[in-house]
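Here is the structure we will look at.
Both backbone and side-chain heavy atoms feed into the values below; hydrogens, waters and symmetry mates do not. Keep in mind it's a predicted model, so treat the numbers as computed, not measured.
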Amino acid sequence: MAELDTLAATDSQIAAFRGPLMEWYDENKREMPWRKTGDPYRIWVSEIMLQQTRVDTVREYYRRFVKAFPTVGDLANAEQDEVLKLWEGLGYYSRARYLHDAAQQVVREHEGTVPRDYDDIRDLKGIGPYTAAAVLSIAYNEPHPVLDGNVMRVVSRVFASDANIKKAKTQRHFRRLAGELLDPERAGDFNQAMMELGATICTPTSPSCGRCPVQDACAAYAEGEPEQYPVTPESKPVPHHDIAVGLVFDDDGRILIQRRPEDGLLGGLWEFPGGKAEEGEEMDKACIRELREEVGIDIEVDAPFYTLSHAYSHFKITLYAFRCRLIDGEPTSEEGQPIRWVKVADLDEYAFPRANRKLIEELERRQEEPSLFD
DNA sequence: GAACCGTGGTG
DNA sequence: TCACCAAGGTT
């Protein structure tokens, strides 16, 4: 096994890689909405949405987003609530907040033009090494190699490197190797070709080496077991929490919602108030306690409403929702966490997390069938 | 360096 | 069913 520091692309390897990859890409590239434009702003939007998110998931979100905000200026002038509503369901909501902030920064500091300089674009919130290289290469054809999960897998196989891809040192060398393979004349196409190869041919399990255009340049293929690359460390156990939330109705049939703090999990989204149950605590008691602590009201639990399981990025929950009535107190808006009474029909105007959306769907279902509302 | 940050598809 | 993981970035 070669050491990372001595690993390098040979001339023959580059020759067997660059040309065949580009030919394959020209013949096989998939159609994507953001490939119909040369607008650096739209390419930027697409790359933010594509972070840790599949192409097929992004397509529709992208279309709606650039229709609502055709230019950097339009996005900069938008309200955060409007941006988050368009991001609802896509996940990693800090991406939307950062993109919104960065658009205002581009208007303020760059006259509304996406920077072409690496350090300048890296200064924008939400743009790291990958996105900077992606936008610069695709929008401006600047020769920066991208290193995403696909490229990491391709590089680890081409060079048969068993280095841990979670380590910064490994990524530094893999980025260098990707740069050695890069076609400097067609940087944007080359980067997209690398990612598309990883997504469609050089897949994590059972790669299609028989259809691979760079088979002859691949050391892992020569070894016979490309699936053993890349090497990743074993994952840790995922924690589980029980969550109690209250569907609190007032006398007019409106329901109480609260916006989450800007930072952290689901930041800036609206939700039904509630929180984590304590060890051994009954869920209805947890609901009463949380509503007292979070919004300063006394409520009575009418009935269990719905229970669901949900997985977040690094923990899992079981969510217990209860139908509640306001007994005493006026809901108080904590700092940065405004509350609002909303008609069920108007809940669609707000951005909610998925788990809450499931509750809303159930609410709407039972409103159409009042008999289901015990 | 490592924890944190969503969601849906996949085998 | 459930662990894995996808065009990563921030703190």
Side-chain angles (χ1 to χ4, degrees), chain A residues 29-30 32-35 43-62 84 87-99 101-102 121-139 144-154 164-172 175 178 188-200 202-206 227 230 232-240 260-269 271 309-317 351-358:
Chain A
K29 64 179 175 188
R30 295 174 290 178
M32 299 176 193
W34 46 91
R35 285 184 175 165
I43 291 165
W44 172 24
V45 169
S46 75
E47 288 300 339
I48 298 298
M49 288 188 168
L50 285 163
Q51 289 170 5
Q52 296 289 284
T53 311
R54 285 182 169 74
V55 166
D56 284 340
T57 302
V58 168
R59 292 180 190 278
E60 202 50 39
Y61 280 94
Y62 171 85
L84 284 175
W87 212 271
E88 181 183 34
L90 197 54
Y92 285 139
Y93 299 97
S94 63
R95 292 184 295 176
R97 301 196 308 273
Y98 292 157
L99 178 60
D101 289 346
I121 200 169
R122 275 285 281 110
D123 274 339
L124 300 175
K125 269 200 274 185
I127 296 190
Y130 164 79
T131 308
V135 174
L136 290 184
S137 65
I138 297 171
H144 297 275
V146 297
L147 186 68
D148 75 327
N150 291 306
V151 177
M152 237 154 359
R153 187 168 55 255
V154 170
N164 182 345
I165 62 168
K166 297 296 184 189
K167 299 290 183 182
K169 179 185 178 185
T170 304
Q171 295 177 12
R172 193 165 63 246
R175 188 174 292 107
D189 285 341
F190 178 89
N191 281 332
Q192 294 184 84
M194 287 286 276
M195 295 189 280
E196 193 127 332
L197 184 76
T200 62
C202 196
T203 51
T205 58
S206 57
E227 317 78 37
T232 59
E234 45 194 282
S235 53
K236 292 180 176 180
V238 179
H240 179 277
R260 296 179 61 87
E262 283 272 325
D263 297 318
L265 184 74
L266 306 168
L269 273 66
E271 67 178 2
S309 295
H310 191 77
Y312 292 98
S313 50
H314 57 296
F315 66 96
K316 298 178 179 180
I317 65 164
F352 283 90
R354 265 302 193 251
N356 278 243
R357 269 288 154 216
K358 293 175 187 172

- Query: Which whole number of Å gives the distance between the C1' atom of dA7(C) and that of dA2(B)?
  - Reply: 23 Å
- Audit row: H314(A), Y312(A), ring pair (Phe, Tyr, Trp, His ring centres under 6.0 Å) steps and yes/no: CA-CA 6 Å; H314(A) 57 296; Y312(A) 292 98; 8.3 Å; no
- Can you tell me, in whole Å, how much space there is between the C1' of dG1(B) and that of dG9(C)? 15 Å
- Figure out the CD1/P separation between I48(A) and dT10(C), and round it to whole Å. 8 Å
- Task: List in chain and number order the residues that pass side-chain hydrogen bond (donor to acceptor under 3.5 Å, both in side chains) with S137(A), two or more places apart in sequence or in another chain; answer none if no residue qualifies.
- Result: N191(A)
- Query: Is K316(A) near enough to dA3(C) that one of its side-chain N or O atoms lies under 4.0 angstrom from OP1 or OP2?
  - Reply: yes
- Note on the structure: Heavy-atom nearest nucleotide on DNA chain C taken for M195(A) and for R122(A); more 5' hit belongs to M195(A)
- Note on the structure: Per-nt protein contacts along nucleotides 3-10 of chain B (heavy atom under 4.0 Å; B base, S backbone sugar-phosphate only, - none) come out as SSBBBB--
- Query: What distance, rounded to whole Å, do you find between the two P atoms, one in dC2(C) and one in dC5(B)?
  - Reply: 24 Å
- Query: Taking all non-hydrogen atoms of both residues, which atom of M194(A) and which atom of N150(A) are closest, and how far apart?
  - Reply: O-CB, 4.4 Å
- Hey, does L50(A) have a side-chain heavy atom less than 4.5 Å from the side chain of W34(A)? yes
- Query: Roughly, in whole Å, what's the span from CD1 in I138(A) to C1' in dA7(C)?
  - Reply: 8 Å
- Item | Residues E196(A) and K29(A) bridged, charged N to O under 4.0 Å | no
- Task: Check whether any side-chain nitrogen or oxygen of S235(A) sits under 4.0 Å from OP1 or OP2 of dC4(C), and answer yes or no.
- Result: yes
- Task: Examine the side chains of T200(A) and R30(A) and answer whether a donor and an acceptor come within less than 3.5 Å of each other.
- Result: no
- Item | Of W34(A) and L124(A), the one whose closest DNA chain C nucleotide lies more 5' | W34(A)
